[in-house]
Amino acid sequence: TAIAFNPKTPVKVLEKLAKDGHIMVQISVASNDNTPLYVLRILMNSIKRHEEELNNLEEDEEYLYKAYDIRSLKVAIATNPNADSDILEKLLQDEDWQVREAVATNVNIPSYILRRISQEELDDNVLISAAVNPNQDKKTAVFILQQIIQDEKEKGGCSQRINIANNYLVPKEILNMLADDKDWMVREKVAQNPSTPSKALIKLATDENYYIKLALSKNKNIPLEVIKIMANSKQEAGWIKYFISKNSKTPMSVLEKIIKSNDELERAGAMSNSKIPIDTVIKRLLVDNENAILREVAKNPNINKIMARLKS
């Protein structure tokens, strides 16, 4: 399978492996972005044989493994950038929503197939993938996602809103809307999403929920205003300030305060930040050599210079 997945494998070899018949090898061939269309068609033709073999099996563990492998092969073909509209349309008729979802994620999917999914698909997972596909027009994407969000709010639950909030391809308008969601688990995903607009992140920085603040502190794209708000947090601040102090955007004025903190966890995070002067790191090590501190110093991008100074 390693040869089949290798992007440098010659096309003739991929063709031979596709005809090999072993489904695990075929999955690797289908997963190779360099596999040409004619080889993908060979793989498509092999699916019927695999399904016939499946139908001859008892519904036991072997059956389940075979069914899973067939689905994996279909998904790999559906997501391959060289799959043409004929292949994608055939797989879009599959009864398994995960296969149809894979079609919706294809980076080269024609716009007319995306429109068909948007108009005819009933599964929310497939619709979400179609909405965030880079080839989807923004207006349609926003409409689809708003409809899914509204339907879920009426029915109850929050699983789809969590999925949407967690996706970095979601339009900013949707993330702004979900930043006000009543469910904290949805807001938490918005807080950690690197695509969330600064305005929404600033709003979430004052959220009373600890887990939302923690998610924010881990987001490398939070603006400076959020970093300053979080650095002044008094609510279970240890882990929050730990992640804030590791952020490359955190200014020295904030790092200087954190490195003098009474909380070992907060100090440890700061010691891994390359902004901390080497002299400061060494001075802290002389009086602060707890295991947590030493582990974080080892992660500092300047570790070689720090070690050289310590040895001199």
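Predicted model only: the values in this text are computed from it and were never measured. As a basis for the values below, the full set of heavy atoms in this structure was taken, side chains included, without hydrogen atoms, waters or symmetry mates.
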Give a yes or no on whether the backbone of [Y] and the side-chain of [X] come within a donor-acceptor separation of less than 3.5 Å.
X: E89; Y: I113; answer: no
X: N219; Y: N193; answer: yes
X: N273; Y: G269; answer: no
X: D181; Y: R187; answer: no
X: N302; Y: S274; answer: yes
X: T196; Y: V190; answer: yes
X: N133; Y: N106; answer: yes
X: E121; Y: V126; answer: no
X: D33; Y: P81; answer: no

Would you say [X] and [Y] make side-chain contact, with heavy atoms under 4.5 Å?
X: M44; Y: I77; answer: yes
X: N300; Y: E296; answer: no
X: T250; Y: K275; answer: no
X: V11; Y: Y38; answer: yes
X: R49; Y: E53; answer: yes
X: Y168; Y: V132; answer: no
X: R284; Y: I276; answer: no
X: P251; Y: I227; answer: yes

Side-chain H-bond candidate by donor/acceptor type, [X] with [Y], under 3.5 Å:
X: E173; Y: N176; answer: no
X: E51; Y: N55; answer: no
X: T35; Y: N32; answer: no
X: D123; Y: N125; answer: yes

Got a salt bridge between [X] and [Y], using NZ or NE/NH1/NH2 to carboxylate O under 4.0 Å?
X: D86; Y: R41; result: no
X: D94; Y: R71; result: no
X: K74; Y: D96; result: no
X: K260; Y: E256; result: no

Evaluate whether atom [atom1] of [X] has more than 12 neighbouring non-hydrogen atoms of other residues, nucleotides or ligands under 6.0 angstrom away.
X: E62; atom1: CD; result: no
X: L286; atom1: CG; result: yes
X: K90; atom1: NZ; result: no
X: K220; atom1: NZ; result: yes
X: Y211; atom1: OH; result: no
X: F5; atom1: CZ; result: no
X: I3; atom1: CD1; result: no
X: K305; atom1: NZ; result: no

Candidate pair M271 and L285, rule side-chain contact (heavy atoms from CB on, under 4.5 Å), full reasoning:
CA-CA 9 Å; M271 294 293 273; L285 284 174; 4.3 Å; yes
Nearest 0.5 Å, please: how far is [atom2] in [Y] from [atom1] in [X]?
X: I42; Y: I47; atom1: CD1; atom2: CD1; value: 13.0 Å
X: D263; Y: Y242; atom1: CG; atom2: OH; value: 12.0 Å
X: I117; Y: L127; atom1: CD1; atom2: CG; value: 8.5 Å
X: R267; Y: I259; atom1: CZ; atom2: CD1; value: 9.0 Å
X: I258; Y: M252; atom1: CD1; atom2: CE; value: 10.5 Å
X: I149; Y: E154; atom1: CD1; atom2: CD; value: 12.5 Å

Tell me the closest heavy-atom pair linking [X] and [Y], and the distance in Å.
X: V29; Y: L14; answer: CG1-O, 4.0 Å
X: S245; Y: E266; answer: OG-O, 3.8 Å
X: I240; Y: S217; answer: O-CB, 3.5 Å
X: A30; Y: L73; answer: CB-CD1, 4.2 Å
X: L114; Y: A130; answer: CD2-O, 3.8 Å
X: Y112; Y: S85; answer: OH-CB, 3.3 Å

Could you go through the side-chain contact (heavy atoms from CB on, under 4.5 Å) check for L265 and K241 one step at a time?
CA-CA 8 Å; L265 185 61; K241 291 186 181 178; over 6 Å; no
For a side chain to side chain donor-acceptor pair (under 3.5 Å) with N166, tell me which candidate from Q192, R161, E188 qualifies.
Q192
Residues M24, D69; criterion side-chain contact (heavy atoms from CB on, under 4.5 Å); working and verdict
CA-CA 7 Å; M24 296 306 296; D69 288 342; 3.7 Å; yes
Of all residues at least two apart in sequence or in a different chain, which pass the side chain to side chain donor-acceptor pair (under 3.5 Å) check with Y65?
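Partners of Y65 by the side chain to side chain donor-acceptor pair (under 3.5 Å) criterion, ordered by chain and then number, come out as E61.
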Determine, stepwise, if the pair N163 / N167 fulfils side-chain contact (heavy atoms from CB on, under 4.5 Å).
CA-CA 6 Å; N163 290 338; N167 193 311; over 6 Å; no
